[in-house]
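Before any comments, here is the structure.
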Amino acid sequence: MTTTFESHLMTKVREVFEDISGLELEGFGSDSNYLELGLDSLLLTQAATSLKRTFEVEVSFRQLSDELDTPGALVRYLSEHMTPKARA
């Protein structure tokens, strides 16, 4: 079940990926693999840095290419690891 907070996070995550890629990611669904969306390893490396800055959660390229390889997995991870300050 997706909460309102997780829906908000999904929107913000999509914005991060659109900003770094310059693409409008219309197919950006919770189960879409980043490679299927056209995001390569360089963009995932940039995304890791941007996600840390935006959400104050350490996310590595390796995580994005392995266990957090879909937006849904990433949102769940962020939701579990964000500080109360970052949630506000």
Side-chain angles (χ1 to χ4, degrees):
M1 174 187 259
T2 303
T3 66
T4 302
F5 180 71
E6 287 176 343
S7 293
H8 174 71
L9 274 181
M10 182 64 74
T11 299
K12 297 299 286 180
V13 164
R14 178 181 176 170
E15 289 172 2
V16 166
F17 281 98
E18 286 180 339
D19 287 346
I20 61 161
S21 70
L23 302 171
E24 193 164 319
L25 300 172
E26 293 185 29
F28 197 85
S30 63
D31 295 330
S32 302
N33 179 289
Y34 302 125
L35 296 177
E36 294 170 353
L37 294 168
L39 302 171
D40 62 16
S41 59
L42 177 60
L43 289 173
L44 290 181
T45 301
Q46 293 172 331
T49 302
S50 187
L51 290 164
K52 179 181 179 185
R53 186 174 43 250
T54 302
F55 298 106
E56 299 179 14
V57 175
E58 190 72 38
V59 178
S60 69
F61 164 77
R62 182 173 300 282
Q63 286 175 295
L64 290 174
S65 60
D66 291 339
E67 73 264 16
L68 304 178
D69 65 338
T70 65
L74 176 59
V75 165
R76 286 186 296 278
Y77 177 82
L78 292 172
S79 181
E80 293 171 6
H81 292 88
M82 286 176 70
T83 65
K85 176 185 168 197
R87 287 178 165 269

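Everything numeric in this text was worked out from a predicted model, so none of it was measured. Just so you know, these numbers use all the heavy atoms, side chains as well, and skip hydrogens, waters and symmetry mates.
- Considering only residues two or more places apart in sequence or on other chains, Y34 meets the ring-ring contact (aromatic ring centres under 6.0 Å, His included) condition with F17.
- Listed by chain and residue number, L35, E36, D69 satisfy the side chain to side chain contact (heavy atoms under 4.5 Å, CB included) test with N33 (two or more places apart in sequence, or in another chain).
- Across every non-hydrogen atom of S32 and P71, the tightest pair is O-CD, 2.9 Å.
- Put simply, CD on E18 and OG1 on T11 are 10.0 Å apart, with the number rounded to the nearest 0.5 Å.
- With sequence neighbours excluded, the residues that form a ring-ring contact (aromatic ring centres under 6.0 Å, His included) with Y77 are H81.
- One finds the CG atom of L64 at 10.5 Å from the OG1 atom of T70 (value rounded to the nearest 0.5 Å).
- A salt bridge (Lys or Arg N to Asp or Glu O under 4.0 Å) check over residues 77-88, counting only residues at least two apart or in different chains, returns nothing.
- For D31, the CG atom counts as loosely surrounded, since its 6.0 Å shell holds 12 or fewer non-hydrogen atoms of other residues, nucleotides or ligands.
- Atoms CG and OG, on L74 and S79 in that order, are 11.0 Å from each other to the nearest 0.5 Å.
- For E56, the side-chain hydrogen bond (donor to acceptor under 3.5 Å, both in side chains) criterion is met by no residue, not counting sequence neighbours.
- L51 CG to L78 CG: the interatomic distance, rounded to the nearest 0.5 Å, is 6.5 Å.
- Interatomic distance, S7 OG to K12 NZ, rounded to the nearest 0.5 Å: 14.5 Å.
- Every side chain to side chain contact (heavy atoms under 4.5 Å, CB included) that L23 has, sequence neighbours left out, goes to S21, L25.
- Sorted by first and then second residue, the pairs that involve residues 39-53 and meet salt bridge (Lys or Arg N to Asp or Glu O under 4.0 Å), not counting sequence neighbours, are K52-E58.
- Not counting sequence neighbours, the partners of T45 by the side chain to side chain contact (heavy atoms under 4.5 Å, CB included) test are F61.
- Without hydrogens or angle criteria, R14 side chain to M10 main chain gives no donor-acceptor distance under 3.5 Å.
- Partners of E67 by side-chain hydrogen bond (donor to acceptor under 3.5 Å, both in side chains), not counting sequence neighbours: none found.
- Nearest heavy atom pair, residue A48 against residue S60, reads CB-C, 4.0 Å.
- For the residue pair A73 and L68, the shortest heavy atom distance occurs at O-CD2, 3.6 Å.
- T54 contributes atom OG1, which lies 11.0 Å from atom CG of L9 (distance to the nearest 0.5 angstrom).
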